[in-house]
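In what follows, every chain begins at residue 1, and chains take the letters A, B, ... in the order their sequences are listed.
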Amino acid sequence: MRERISEALREAYRRAVASGNLPDGELPSFTVEYPPDESFGDYASNIALVLASSLRMRPRDVAQRILEGMPEEPLIERVEIAGPGFINFFIKDSLWFEELRKACLMGRSYGRCENNGKRVLVEFVSANPTGPLHIGHGRIAAFGDALSRLLEWAGWEVEREYYINDVGTQMEVLGRSVLARYRELLGLEAEFPEDGYRGDYITDVAKEILKRYGRRLLELPEGEAVGIVSKEARDIILNWIREELSLFRVRFDRFFSEASLYENGKVDRVLEELESRGLLYRDEGAIWFSSSSFGDEKDRVVVRASGAKTYFASDIAYHLDKLSRGYDLLVNIWGADHHGYVKRLEAAIQALGHPKERLKVILVQLVNLLRHGKRVSMSTRAGEFAALRDVIGEVGVDASRFFLLLRRAESPLDFDLEVAKVKGEENPVYYVQYAHARISSIFKKAKERGVGLPDPEQVDLSPLTLPEERSLAKAVGTFPELVQDASSNFEPHPISTYLISLARSFHSYYNKHRVLGQKRELTEARLLLAWAIKEVIRNGLEILGVEAPEEM
RNA sequence: GCGCCCGUAGCUCAGCUGGAUAGAGCGUCGGACUUCGAAUCCGAAGGCCGGGCGUUCAAGUCGCCCCGGGCGUGCCA
């Protein structure tokens, strides 16, 4: 509907210009939005206000002249000019009520957009395979997964990818840490590496390796043993991570190994590519990429004086690989502590001849895990961390995901275990799920009384006359627009806010008015209303990856 | 020092590319179950949107300067 209004306004503007009512010129971008108060109608546009400033006319006059050019629109009840020059649109009640039929008929696809023909790759989590996931990864996982679902709803073809940093000093450190525990398990003296990973899970890994190899590793030279152990440890930990993700209902299409980029020569190749473009130089024994000529603050090392390539070097190769796979957009979701990295990567992408808009980096702020308001630490190396597995074991997948998706990505999040566990009022997940369960309970009760669900195409909706019924129907009817808005902002959290507010309106309605036991026509109409709300709640929860229970 | 994020009710946060009288939840106080599920509802109190200057018809939103908090600033990943 919103789209129709803005199209009508554009048409009205063209007509006003054609008839000489308004001077010719460029139509600046304007909005059609939901006004803050119902008395201002269903939609409001600022078109006259933005035009007024460029035309140097009085806004209300501009509004008047645009209205004179407005094409007939049968779904609009009336239009008025208000305040400083807003044009307010009052939509016919029947439009919103008709939308209820649509929601019931379309069910799981209500709110879904047509395929937009575009492919996007969402890369997220990509946690180092050096330890289990913690709650911060959980937030990124929940966010990336929900965003992927949201983009699918908005018509994108989405692939989800996890990049494994399985190269470099950290793998070496991991190997040495596990090897030390392995020796301890065999009752030998072991010097634990100073910068090693100290978590108990390292011992679990060592036990697993002991099971696979027995004492054999003791006979190998140190370097060789570390090599084997770090590879095995990588696989073991990666398997944990996969389990944790699937437990958390987070799905990936592909796990992409950094090491593979070295094995197939892609890192060398991308360096040659940069070299041939004259973007590399040597200084103090290292090789530098002149990223500063593409907007980065300084140049960056790609090959260290030792001859080892940096993480950045393989990351360039990785992104070139992704770009060459032909996506329209690459989305990278990173923890906010990587923000210093964005510019250099954009520089690399541009250096390789791609527009930097092809890449969208979303930074997710970290999570403060609390218990009774007191902070729980999560340093992997200190070995004291808030494992995602423990959190979802304690508060459940639904509550965890919902909580993590309650805030904007760039806003830090407090996650209090005790609050998330509560099954009452202060926990919005159950509030929303309860509305869903309540509706299915009404349906069950209706069935017991011999009342079936009405045929959405046949049922008469004219008994719906209450203002609450209109608002509810409108909330249902704007869900598709919400999906579009949220997806074009790459933010799933408005979905959670919306669901809470829809649930609130429904609970309030439920307490005030009865669905069953009314005159047949009224009961049927209200059943359809409840049905449509149920579909929308389920679809919204589906985007967030939260279940919609029939009973609780 | 420089860069990024954040600062809105007691607490946690919304506020859509600048729009009309700044909104929720929690918490606090007071009410509602013999009727479709009280994991619910109804009502009340609560604000100089960190501070200042600027941009304009219009600023919580944009720009500059301060203050406060977090993060980053490696030939680590």
Side-chain angles (χ1 to χ4, degrees), chain A residues 29-31 33-37 39-40 44 46 49-50 52-53 58-59 82-86 88 128 130 165 167-171 173 195 258 283-288 297-298 300-312 314-315 335-343 363 365-366 368 373 406-408 410-414 416 419 422-431 433-435 437-446 448-449 481-482 485-486 488-489 491 493-494 496-497 500-501 503-504 506-518 523 526 530 551-552:
Chain A
S29 75
F30 61 94
T31 60
E33 57 195 42
Y34 309 112
D37 191 302
S39 67
F40 296 137
N46 66 349
L49 292 163
V50 297
S53 61
R58 294 218 304 262
F86 288 101
N88 293 340
N128 295 337
T130 52
N165 300 126
V167 174
T169 47
Q170 54 173 353
M171 295 313 295
V173 172
D195 56 351
E258 178 185 5
D283 190 33
E284 295 182 30
I287 300 179
W288 299 70
E297 286 131 34
K298 50 178 276 199
R300 308 291 173 174
V301 170
V302 285
V303 182
R304 299 200 282 268
S306 67
K309 280 136 195 148
T310 60
Y311 172 80
F312 183 41
S314 50
D315 220 17
D337 52 341
H338 287 68
H339 70 74
Y341 206 79
V342 177
K343 280 204 172 130
L363 298 174
Q365 289 289 329
L366 305 181
N368 291 315
L406 218 40
R407 308 280 175 241
R408 281 160 43 237
E410 63 268 29
S411 145
L413 178 84
D414 284 345
D416 193 309
V419 174
V422 175
K423 295 215 163 46
E425 316 200 13
E426 61 217 81
N427 198 333
V429 205
Y430 302 115
Y431 187 83
Q433 289 184 324
Y434 186 51
R438 219 173 201 183
I439 293 173
S440 51
S441 164
I442 295 176
F443 292 172
K444 243 173 281 166
K445 188 70 75 177
E448 283 168 26
R449 299 189 189 177
E481 290 169 6
L482 172 78
D485 289 345
S488 57
N489 292 325
E491 271 285 11
H493 96 270
S496 23
T497 312
I500 292 169
S501 133
R504 171 156 299 106
F506 175 74
H507 284 310
S508 170
Y509 175 74
Y510 176 90
N511 270 273
K512 205 164 153 198
H513 307 287
R514 302 185 59 80
V515 174
L516 304 179
Q518 310 291 318
T523 286
R526 287 185 174 173
E551 50 189 52
M552 311 173 52

Assign [X] to base, sugar-phosphate, or nothing according to its heavy-atom contacts below 4.0 angstrom with the strands shown.
X         : value
Val167(A) : sugar-phosphate
Pro36(A)  : base
Ala82(A)  : base
Tyr34(A)  : base
Glu551(A) : base
Arg408(A) : sugar-phosphate
Ala437(A) : base
His338(A) : base
Ser441(A) : base
Asp337(A) : sugar-phosphate
Glu33(A)  : base
Tyr341(A) : base
Arg58(A)  : nothing
Phe30(A)  : base

Please check if the side chain of [X] supplies one atom and the backbone of [Y] the other of a donor-acceptor pair under 3.5 Å.
X         : Y         : value
Thr523(A) : Val515(A) : yes
Asn46(A)  : Thr31(A)  : yes
Arg407(A) : His493(A) : no

Give me the distance, rounded to whole Å, that separates [N] from [M] when you measure between the [atom1] atoms they each carry.
N       : M       : atom1 : answer
rA77(B) : rA20(B) : P     : 49 Å
rG46(B) : rC41(B) : P     : 23 Å
rC2(B)  : rG19(B) : P     : 32 Å
rG68(B) : rC49(B) : C1'   : 16 Å
rG18(B) : rU61(B) : P     : 12 Å

Check this one for me: any side-chain N or O of [X] less than 4.0 Å away from OP1 or OP2 of [N]?
X         : N       : value
Arg304(A) : rC76(B) : yes
Thr31(A)  : rC16(B) : no
Thr497(A) : rC13(B) : no
Tyr430(A) : rA39(B) : no
Arg407(A) : rC6(B)  : no
His493(A) : rG15(B) : yes

Item checked: Closest non-hydrogen atom pair between Pro428(A) and Leu406(A), with its separation -> CG-CD2, 3.9 Å
Next item on the list: Please confirm whether any donor atom in the side chain of His339(A) sits under 3.5 Å from an acceptor in the base of rC5(B), or the reverse.
Entry: no
Check: Per the atom types in the model, does the base of rA20(B) pair as donor or acceptor with the side chain of Asn46(A) at under 3.5 Å?
Finding: no
Margin query: For a 4.5 angstrom cut-off between non-hydrogen side-chain atoms, does Gln170(A) reach Asn165(A)?
Written below: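 Gln170(A) reaches Asn165(A) side chain to side chain.
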Item checked: Nearest-nucleotide comparison on RNA chain B, the residue closer to the 5′ end among Lys445(A) and Asn489(A) -> Asn489(A)
Checklist line | First of Tyr510(A) and Ser29(A) reached from the 5' end of RNA chain B, by closest nucleotide | finding: Ser29(A)
Notebook entry, point to check: Just wondering, do Phe86(A) and rA20(B) stack (centres under 5.5 Å, planes under 30°)?
Noted result: yes
